[in-house]
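So the structure is just underneath, and the comments pick up after that.
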Amino acid sequence: MLPENILPRVGILFESVSSASPLQIINSARGLVQPIFLLKNVHHYDKKQLNILKKRFVVEKVENASLDEIARICKNLNLCGLLTFSDSQVENVSMICEKNGYASLSIKAGKALQNKFIQRQALEGMDNSVHYCLFDDWIATPSLRKKIGYPVIAKPCQGAGSKWTRLLYSVEDAKLFKQKVPQNLCFLIEEYLKGSSNYSNGFEIGDYISVDGAHYNGSYFPVGITGKLPISDNFSETGMFFPYKLTQELEFEVIKQCREASDYLGIMNGITHIEIKLTDNGPRIIEVNGRMGGYVYDLVKKQTGIDLISIAFQIAINEKINVPENSEIKKPKLVFQKFIIPEIYHRCILKKINFLLPNEKFQLELIKQEGDILDPLLGSYNNIGIIHGEAKDIKELIQINKNLQNFIKIEVEVKHG
């Protein structure tokens with residue numbers, strides 16, 4: 001292992017809304033690169049951690065810096081690469097990398113991965129692509145409403161975690177929804193993809209999956225397929241498990257679509273998280289994200305030993321990556337995460353949390369604290385905590401998921417005004 005001071009330096013344009021924590025980044029960088037933190041938008045709870053890290057690592061604030069200024073800072077720090085794990089910085093990182101000659105997604109891909117409308121335009125050439133249009137055009141144009149059908153999904157063109165996402169059944173629904181969301185956001189309307197029971201093996205899950213993969217010089221290397229627990233009424237993810245074993249034929253079709261979407265988007269280098277719905281018409285792309293999936297890191301590493309953050313660093317320094325075609329699963333069981341998403345229909349304050357896990361097989365990670373705001377329009381950002389565990393198969397996972405609900409007690413009070 002090389003001494004830390006002679007390892008290549010790679011910058012992380014870091015925001016608190018990130019699929020990788022500072023400690024995960026540091027652990028994955030060990031012996032490979034020197035991580036340099038460039039702080040863009042950081043919440044108070046991350047600032048404390050980063051202030052401690054400043055004793056050993058370079059931490060620079062770039063909140064008010066332009067892209068040109070950040071590019072100069074990267075050069076002055078002798079960086080040989082730059083990456084991000086935050087949706088809102090994907091395009092910025094692609095542009096800075098282009099300026100400094102770093103390996104990156106490509107500017108074309110950066111724009112499409114950050115803006116879902118641009119992404120839908122780029123994916124139109126794919127077979128079975130999703131019907132879509134801009135929100136205001138859908139309200140104003142009867143022919144678009146007829147083409148897309150009902151219900152429809154409304155989501156921000158730029159956003160993550162199902163924030164401000166809603167299922168709409170009519171123009172009246174859409175007008176009421178628009179009054180409740182920030183007026184400065186541009187919204188997209190998409191065809192609602194109905195999952196097929198053919199893929200659920202007789203259980204309540206199986207039609208919604210994601211694929212995390214690596215891209216190196218235009219080649220795509222899938223790491224694994226993650227299954228999802230049923231989403232909430234507000235399109236919040238309620239949990240995930242890894243690996244999800246599909247039939248060989250279906251897995252081939254899923255990976256084929258991931259490769260095809262990557263080509264249409266012009267993705268050259270980096271990590272992607274691709275969400276897919278399994279429908280009666282086959283796998284269909286929900287969206288492509290230019291970063292590792294949220295919470296996926298631990299699941300993949302536990303089961304395969306593959307470190308997605310380390311792979312991102314390898315790509316950034318133009319080091320050839322090694323991702324097995326069929327990653328060997330280390331444990332025969334499924335590993336899962338159950339997200340604690342409260343059923344709320346109004347803006348609330350989290351009043352009390354009471355978790356009493358049935359035994360030591362499960363581990364609890366709290367995310368929110370009493371007094372935090374919850375809102376049905378915030379999607380997965382209402383996640384109060386995560387329960388980590390294992391199941392021998394999907395049947396047992398379904399039973400565990402139901403049983404754990406009995407050990408979770410949440411009290412909220414409606415926030416007025």
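Throughout, numbering of the chain's residues begins at 1 and tracks the sequence.
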So do the side chains of [X] and [Y] get within less than 4.5 Å of each other, counting heavy atoms only?
| X | Y | answer |
| --- | --- | --- |
| Lys351 | Ile410 | no |
| Val296 | Phe242 | no |
| Lys228 | Thr226 | yes |
| Val10 | Leu79 | no |
| Ile349 | Leu374 | no |
| Val171 | Arg145 | yes |
| Asp87 | Asn289 | yes |
| Leu188 | Trp138 | no |

Hey, is the main chain of [Y] close enough, under 3.5 Å, to the side chain of [X] for a donor-acceptor pair?
| X | Y | answer |
| --- | --- | --- |
| Gln369 | Ile367 | no |
| Glu251 | Ile225 | no |
| Tyr264 | Gly125 | yes |
| Ser86 | Gln89 | no |
| Gln114 | Glu91 | yes |
| Ser19 | Gly293 | no |
| Asn41 | Glu63 | no |
| Lys277 | Ile209 | no |
| Arg9 | Leu77 | yes |
| Ser106 | Gly266 | yes |

Salt bridge Lys147-Glu191, side-chain N to carboxylate O under 4.0 Å: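 So Lys147 does not pair with Glu191 through a salt bridge.
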SB check Glu390 Lys302 (cutoff 4.0 Å):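 Salt bridge flag = no for Lys302 with Glu390.
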Side chain to side chain contact (heavy atoms under 4.5 Å, CB included) between Val211 and Val254, worked out: CA-CA 9 Å; Val211 183; Val254 165; 3.7 Å; yes
Find the distance between [atom1] ([X]) and [atom2] ([Y]) and round it off to the nearest 0.5 Å.
| X | Y | atom1 | atom2 | value |
| --- | --- | --- | --- | --- |
| Ile321 | Phe313 | CD1 | CZ | 14.5 Å |
| Ser129 | Gln121 | OG | CD | 12.0 Å |
| Ile25 | Phe85 | CD1 | CZ | 5.0 Å |
| Lys40 | Ser16 | NZ | OG | 13.5 Å |
| Lys194 | Asn281 | NZ | CG | 12.0 Å |
| Ile96 | Leu13 | CD1 | CG | 5.5 Å |

Can you see which heavy atom on [X] is nearest to which on [Y], and at what distance?
| X | Y | result |
| --- | --- | --- |
| Gly290 | Leu113 | CA-CD1, 3.6 Å |
| Ala112 | Ile118 | CA-CG2, 3.8 Å |
| Arg284 | Asn128 | NE-O, 3.1 Å |
| Ile315 | Ala103 | O-CB, 3.6 Å |
| Met240 | Leu229 | N-CG, 4.3 Å |
| Arg291 | Thr84 | CB-O, 4.3 Å |

Identified side-chain contact (heavy atoms from CB on, under 4.5 Å) partner of Tyr220 from the options Ile267, Asp263, Thr272: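 By the side-chain contact (heavy atoms from CB on, under 4.5 Å) criterion, Tyr220 pairs with just one of Ile267, Asp263, Thr272: Thr272.
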Indicate whether any N or O donor in one side chain lies under 3.5 Å from an N or O acceptor in the other, for [X] and [Y].
| X | Y | value |
| --- | --- | --- |
| Ser196 | Asp280 | yes |
| Glu15 | Ser88 | yes |
| Tyr297 | Asp212 | no |
| Asn269 | His215 | no |
| Gln119 | Lys111 | no |
| Lys338 | Asn401 | yes |
| Asn27 | Gln24 | no |
| Tyr208 | Glu237 | yes |
| Glu190 | His131 | no |

Tyr132/Phe117 under ring-ring contact (aromatic ring centres under 6.0 Å, His included): CA gap, chis, key distance, verdict: CA-CA 8 Å; Tyr132 72 98; Phe117 181 69; 5.8 Å; yes
Worked check of side chain to side chain contact (heavy atoms under 4.5 Å, CB included) between Leu134 and Cys186: CA-CA 8 Å; Leu134 289 173; Cys186 176; 3.9 Å; yes
Within 6.0 Å of CD in Gln248, more than 12 heavy atoms from elsewhere: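 Incorrect, the count does not exceed 12.
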Exceeds 12 heavy-atom contacts within 6.0 angstrom, atom CG of Asp127: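 No - once you tally the heavy atoms of other residues, nucleotides and ligands closer than 6.0 Å, there are 12 at most.
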Ring centers of Tyr192, Tyr150 separated by less than 6.0 Å: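 Centroid separation for Tyr192 and Tyr150: 6.0 Å or greater.
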Close aromatic pair by centroid cut-off 6.0 Å: Phe362 and Phe407: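 Here the rings of Phe407 and Phe362 have centres that are no less than 6.0 Å from each other.
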Ring geometry between Phe241 and Tyr244 (parallel below 30°, tilted from 30 to 60°, perpendicular above 60°):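 Ring orientation of Tyr244 relative to Phe241: perpendicular.
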Ring pair (Phe, Tyr, Trp, His ring centres under 6.0 Å) partner of Phe177, the single match among Trp164, Phe187, Tyr169: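 In the set Trp164, Phe187, Tyr169, the residue that makes a ring pair (Phe, Tyr, Trp, His ring centres under 6.0 Å) with Phe177 is Phe187.
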Test salt bridge (charged side-chain N to carboxylate O under 4.0 Å, His left out) applied to Asp136 and Lys178, step by step: CA-CA 10 Å; Asp136 292 339; Lys178 195 67 183 291; 3.4 Å; yes
Test side-chain hydrogen bond (donor to acceptor under 3.5 Å, both in side chains) applied to Tyr102 and Asn318, step by step: CA-CA 9 Å; Tyr102 303 149; Asn318 202 25; over 6 Å; no
Step-by-step side chain to side chain contact (heavy atoms under 4.5 Å, CB included) determination, Ile12 to Ile36: CA-CA 6 Å; Ile12 301 94; Ile36 309 296; 5.8 Å; no
Derivation and outcome, side chain to side chain contact (heavy atoms under 4.5 Å, CB included), residues Leu193 and Val130: CA-CA 8 Å; Leu193 298 177; Val130 172; 4.0 Å; yes
